[in-house]
Amino acid sequence: DTGVSQDPRHKITKRGQNVTFRCDPISEHNRLYWYRQTLGQGPEFLTYFQNEAQLEKSRLLSDRFSAERPKGSFSTLEIQRTEQGDSAMYLCASSLGASSYNEQFFGPGTRLTVL
Amino acid sequence: AQSVTQPDIHITVSEGASLELRCNYSYGATPYLFWYVQSPGQGLQLLLKYFSGDTLVQGIKGFEAEFKRSQSSFNLRKPSVHWSDAAEYFCVISGGGADGLTFGKGTHLIIQP
């Protein structure tokens with residue numbers, strides 16, 4: 001399978017704990033995006049990378065959230081001191097090129113439940 | 001700021017009937033417009049996209065969409081739906097710059113046998 005992969009697929013944690021998600025984009029895709037999707041809503045943009053550089057962060061991305069893409073390949077999204085409001089599906093997407101018009105290929109998502 | 005409105009939360013259509021899903025956008029210029037589909041247990045998949053040129057665009061799975069600048073709309077259509085089309089459909093906008101995609105809230109499509 002050469003699509004976007006995410007790990008884990010499900011994560012249950014207690015409030016206050018830290019969690020980290022991983023995204024492996026399609027090989028050679030230079031752009032990588034993170035989105036969050038809550039029940040009954042469309043995905044909301046969080047941040048994106050072009051190669052290893054984080055170029056934009058949404059105001060939704062509070063100080064408890066941090067994302068990295070150290071070598072321009074896989075990316076991690078960490079949430080510190082989780083809150084119940086962080087419960088959502090976290091989606092990763094990748095694309096090739098330098099325009100947001102290029103197709104973004106989405107992974108299956110990581111579903112986070114904060115108890 | 002750019003935004004997308006999908007006025008229908010749920011739509012029920014009989015199998016074999018035609019379909020139209022509505023989408024209105026707000027943006028200062030001509031945006032990039034997309035329709036994505038999300039099926040249970042599957043990731044989001046691009047159906048079609050538009051930026052310029054012919055205002056009627058064809059996509060995968062027999063879908064098409066028409067851009068109407070005067071109405072700020074980008075409605076999705078299919079002449080005859082199949083049970084496998086049951087899914088969540090998102091109208092999406094991008095400003096064409098460095099921003100990520102802005103999704104509508106989605107329309108849940110139910111297919112009646």
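In what follows, chains carry the letters A, B, and so on, assigned in the order in which the sequence lines appear, proteins first and then strands, with residues in each chain numbered from 1. As a basis for the values below, the full set of heavy atoms in this structure was taken, side chains included, without hydrogen atoms, waters or symmetry mates.
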Next on the checklist: Counting only non-hydrogen atoms closer than 4.5 Å, does A:Q50 touch chain B with its backbone (N, CA, C, O), its side chain (CB onward), both, or neither?
Outcome noted: neither
Item to check | Exceeds 12 heavy-atom contacts within 6.0 angstrom, atom CG of A:L39 | outcome: no
Checklist entry - Do the side chains of B:F90 and A:P43 get nearer than 4.5 Å, heavy atoms only? => result yes
Next on the checklist: Does A:R15 have more than 12 heavy atoms from other residues, nucleotides or ligands lying within 6.0 Å of its CZ?
Outcome noted: no
Item to check | Proximity breakdown for B:E88 and chain A, heavy-atom pairs closer than 4.5 Å | outcome: neither
Item to check | Region of B:Y50 in contact with chain A, defined by heavy-atom distances below 4.5 Å | outcome: backbone
Checklist entry - Taking the inter-plane angle between the rings of B:F34 and A:Y101 on a 0 to 90° scale, is it parallel (under 30°), tilted (30 to 60°) or perpendicular (over 60°)? => result tilted
Checklist outcome for this item: Between A:F45 and B:G100, the two heavy atoms sitting closest are CD1-CA, 3.5 Å
Checklist entry - What part of A:L46 gets closer than 4.5 Å to chain B, counting heavy atoms only: side chain, backbone, both or neither? => result neither
Checklist entry - Cluster question for you: counting only ILVMFWY and a side-chain heavy-atom cut-off of under 4.5 Å, with indirect links fine, are A:L77 and A:I26 together? => result no
Checklist entry - Any idea which of B:L44, B:V92, B:I9, B:T102 has the most non-hydrogen atom pairs under 4.5 angstrom with chain A? => result B:L44
Item to check | Close aromatic pair by centroid cut-off 6.0 Å: A:F106 and B:Y36 | outcome: yes
Checklist outcome for this item: Of B:V4, B:L46, B:L33, the largest count of non-hydrogen pairs under 4.5 angstrom with chain A goes to B:L46
Checklist outcome for this item: Taken to the nearest 0.5 Å, the spacing of B:Y32 OH from A:N102 CG works out to 8.5 Å
Next on the checklist: With rounding to the nearest 0.5 angstrom, report the CG to CD distance, B:L101 to A:E44.
Outcome noted: 13.0 Å
Next on the checklist: Heavy-atom count check: over 12 atoms from other residues, nucleotides or ligands less than 6.0 Å from A:E68 CD?
Outcome noted: no
Item to check | Closest non-hydrogen atom pair between B:K49 and A:E103, with its separation | outcome: NZ-N, 4.0 Å
Next on the checklist: Looking only at heavy atoms and a cut-off of under 4.5 Å, which of A:G107, A:G42, A:P108 has the most pairs with chain B?
Outcome noted: A:G42
Checklist entry - Is there a path of hydrophobic side-chain contacts, each under 4.5 Å between heavy atoms of I, L, V, M, F, W or Y residues, that connects A:Y35 with A:L55? => result yes
